[in-house]
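Chain letters run A, B, ... following the sequence lines, proteins first, then strands; residues in each count from 1. Just so you know, these numbers use all the heavy atoms, side chains as well, and skip hydrogens, waters and symmetry mates.
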2 protein chains.
Amino acid sequence: MGMSVRDVATRAGVSVGTVSNVLNRPDKVSPSTVAKVRAAIEELGFVRNDAARQLRAGRSLSIGLIVLDVSNPFFTDVARGAEDRAAEDGLTVLLGNSDENEDREAAYVDLFEKQRVHGVLISPVGDASSRLDALHRRGIPTVLVDRPTTDDRFSSVAVDDVAGGYLAAQHLLETGRRTLAFVGGPQELRQVADRLAGAQKAVAEIADASLEYIATDGLTVLQGRKVGESIRERDATDLPDGLFAANDLVAMGLLQALSMLGALSVPEDIAIVGYDDIDFATAAVVPLTSIRQPSSLIGSTAVDLLMKEADASADFTREHVVFQPELIVRESSAPKA
Amino acid sequence: MGMSVRDVATRAGVSVGTVSNVLNRPDKVSPSTVAKVRAAIEELGFVRNDAARQLRAGRSLSIGLIVLDVSNPFFTDVARGAEDRAAEDGLTVLLGNSDENEDREAAYVDLFEKQRVHGVLISPVGDASSRLDALHRRGIPTVLVDRPTTDDRFSSVAVDDVAGGYLAAQHLLETGRRTLAFVGGPQELRQVADRLAGAQKAVAEIADASLEYIATDGLTVLQGRKVGESIRERDATDLPDGLFAANDLVAMGLLQALSMLGALSVPEDIAIVGYDDIDFATAAVVPLTSIRQPSSLIGSTAVDLLMKEADASADFTREHVVFQPELIVRESSAPKA
DNA sequence: TGACGCAATTGAAACATTTCATTTAGTGGT
DNA sequence: ACCACTAAATGAAATGTTTCAATTGCGTCA
């Protein structure tokens, strides 16, 4: 316990510098010395102290990732993509969950600054401008994840959510629905606002189509279920025939509430389209039509951009990558009979 | 950038010791000095360097958590419980995903040792004895999560999986099924072996009941789907009438494959019981009967045990907490008509 | 006025590593 | 026998924080 490089040096009968060399560039040390030192390390159970290492190096071998919701499979997929890519460069990903809460987000930004991480990948809550400003002022390379921007201070990786919203609504319209409703919130979430905007655009192109906005307080299964229950109790004349949920969790909640008691059937009475195409979407009560995003690709691309920025020259210009979403049709939006 | 406590001291016209005191025990410093120092910190944009802090302190303010599968909601719930509880003590949780892979697990153990974490919470892959031995040898407080043990070197928090397996099988038998099958693997996973053992026990108590074991290569939706597809193609005489899946992901895969093409109906032809009672279970094709574990309580309890060990005296004896699982009945196991 | 006590402040030491300018030892050439 | 050169090893300095023994300054009491 508490073995240091100095103890190893003493035991092996060499200097501390040599031990460090064995650790970091064994080719510069004679084979016999390497063997002696390795043996000493083994015998003493020496483990490098990362804190001291980082202190000397000036920064850590990790990158921070702040997501809006760890329990959303979309984000765990993004995280996995980032981890795998980071591991290639010998970096570790520190995963922080903001839970769509600005204070928690700020706490993680603080933590990562104190840890002197290589850089930060962040899916910001709201506009998060004060946190982002701070990051930029400190000169910490930052990549915005799932949030398009034209801000030259940050690279970004995102998916075109307006296009996604358009795809979803267009699909509902093409399968004969006219009274649509968008379910999700809060609108401060950029993802929500964009997907809604895309849907509105599609609806505006069809003369007799309408789009209602039903707000939720967050994008969870539970929130979806609550909305579903209230829809179930509506007067038949007041019923939408197509629902577009801001994400799959909400969509699954809706599905669950509507089909409960067999009150309304999906897709006959109401069609549902979700967003993210999480693994569970295909296993839902009624397999869910959804908008797919290349989630793990988003994560790995984010790390790519970060690494580019890390070893960049002065004239470096940041990239803004935007992926296109894809419509995945399943039963929950089968055409009206 | 690169501001140190020394820069702050210069700027504020005080000594470094005083700056440190302002940071750590402001009550020992005169109000006017506190104000001066705070102002300097603000102006310079000083951010404490955690590496230096940890180096001096000897250990970090984090605890490591290694789980078998981050994309399994059960484990994200455990993680959340741990994070919340850790935050109360000002500690951060570093989340590592072993993906049921011994090498990845070992890599995280190494990382956490190098980081000099407060302690490690680990849901071990297999018996993991070499990693656990190492942890113990280094004197790092370690809590086994979701893995019962009588080993006095480690505290543990677990759920009685044998009891859970028994509950599941008993329920299937009580609702009239006799030809059961257990789906899951590999058997090296203690969770799998125990749940199977519990099921076997229940089946043994009923004269004309049988239990088949269908192995999978991991506990994912995809693996479940594969088994489901093979079952769908079986001869009618060879069909089980009750399936017990090692976890909900597998159960959802089964459900999905079986109900696809309407080949077999759940629960009429085959009943299904899952394990973990993840949020999605209630939103499945057919709402899933499952065995519930107090997941976030497991996480918070693990941190509790860790903290007890951290400030323990010599005569300290470690605790082995075992929670009891609970049967949650839903449609997927409705009694045969 | 001098001594004492107390609060506030100081500054050097310690933490474990890496780096780098030097030193040491050994080899080959003339 | 001497020099030049290289490979290997050395050890002090530097990283940024916290701690703690020592010091300063100030007011109080005799």
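Surrounding CD of B/E88 are more than 12 heavy atoms belonging to other residues, nucleotides or ligands, all under 6.0 Å away. By the 6.0 Å contact criterion, CG on A/D27 is enclosed, its count of non-hydrogen atoms from other residues, nucleotides or ligands being greater than 12.
A salt bridge links B/R131 with B/E102: the distance from a Lys NZ or Arg NE/NH1/NH2 to an Asp or Glu carboxylate oxygen falls below 4.0 Å. A salt bridge does not link B/D77 to B/R80: none of the charged nitrogens lies less than 4.0 Å from a carboxylate oxygen. A salt bridge links B/R153 and B/D151; the closest N-O separation between the charged side-chain nitrogens and carboxylate oxygens is under 4.0 Å.
With rounding to whole Å, A/L23 atom CG is found 15 Å from C/dA16 atom P. Put simply, CE on A/M3 is 14 Å from P on C/dC15, counting in whole angstrom units. Summarising the geometry, the separation between CD1 on A/I41 and C1' on C/dT17 is reported as 13 Å, rounded to the nearest angstrom.
Place A/A52 and B/N24 on DNA chain D by their nearest nucleotides, and A/A52 ends up nearer the 5' end. Along DNA chain C, the nucleotide nearest B/L55 and the nucleotide nearest B/D27 are compared for position; the residue whose nucleotide lies closer to the 5' end is B/D27.
In terms of phosphate contacts, A/R25 brings a side-chain nitrogen or oxygen within less than 4.0 Å of OP1 or OP2 of C/dT19. Phosphate contact (OP1/OP2 of C/dT17, side-chain N/O of A/N49, threshold under 4.0 Å): absent. Contact annotation: B/R56 side-chain N/O to C/dA14 OP1/OP2 distance is not under 4.0 Å.
Between the side chains of A/D304 and A/S300, not a single donor N or O lies within less than 3.5 Å of an accepting N or O. Residues B/Q191 and B/D146 bring a donor and an acceptor atom of their side chains to less than 3.5 Å of each other.
For residues 4-22 of chain B, proximity to DNA chain C is found at B/V14, B/S15, B/G17, B/T18, B/N21, defined as any non-hydrogen atom under 4.0 angstrom from a strand atom.
Residue contacts shown for A/D50 are absent, as no nucleic acid heavy atom lies under 4.0 Å away.
Side chains of A/F46 and A/L23 form a contact here, defined as non-hydrogen atoms less than 4.5 Å apart.
Along DNA chain D, read 5' to 3', the first and last nucleotides having any atom under 4.0 Å from a heavy atom of chain A are D/dA8 to D/dG16.
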Report the C-alpha separation of B/N24 and B/S20 in whole Å, then their side-chain angles, then the decisive distance to 0.1 Å, and conclude whether the side chain to side chain donor-acceptor pair (under 3.5 Å) test is met. CA-CA 6 Å; B/N24 300 302; B/S20 180; 3.3 Å; yes
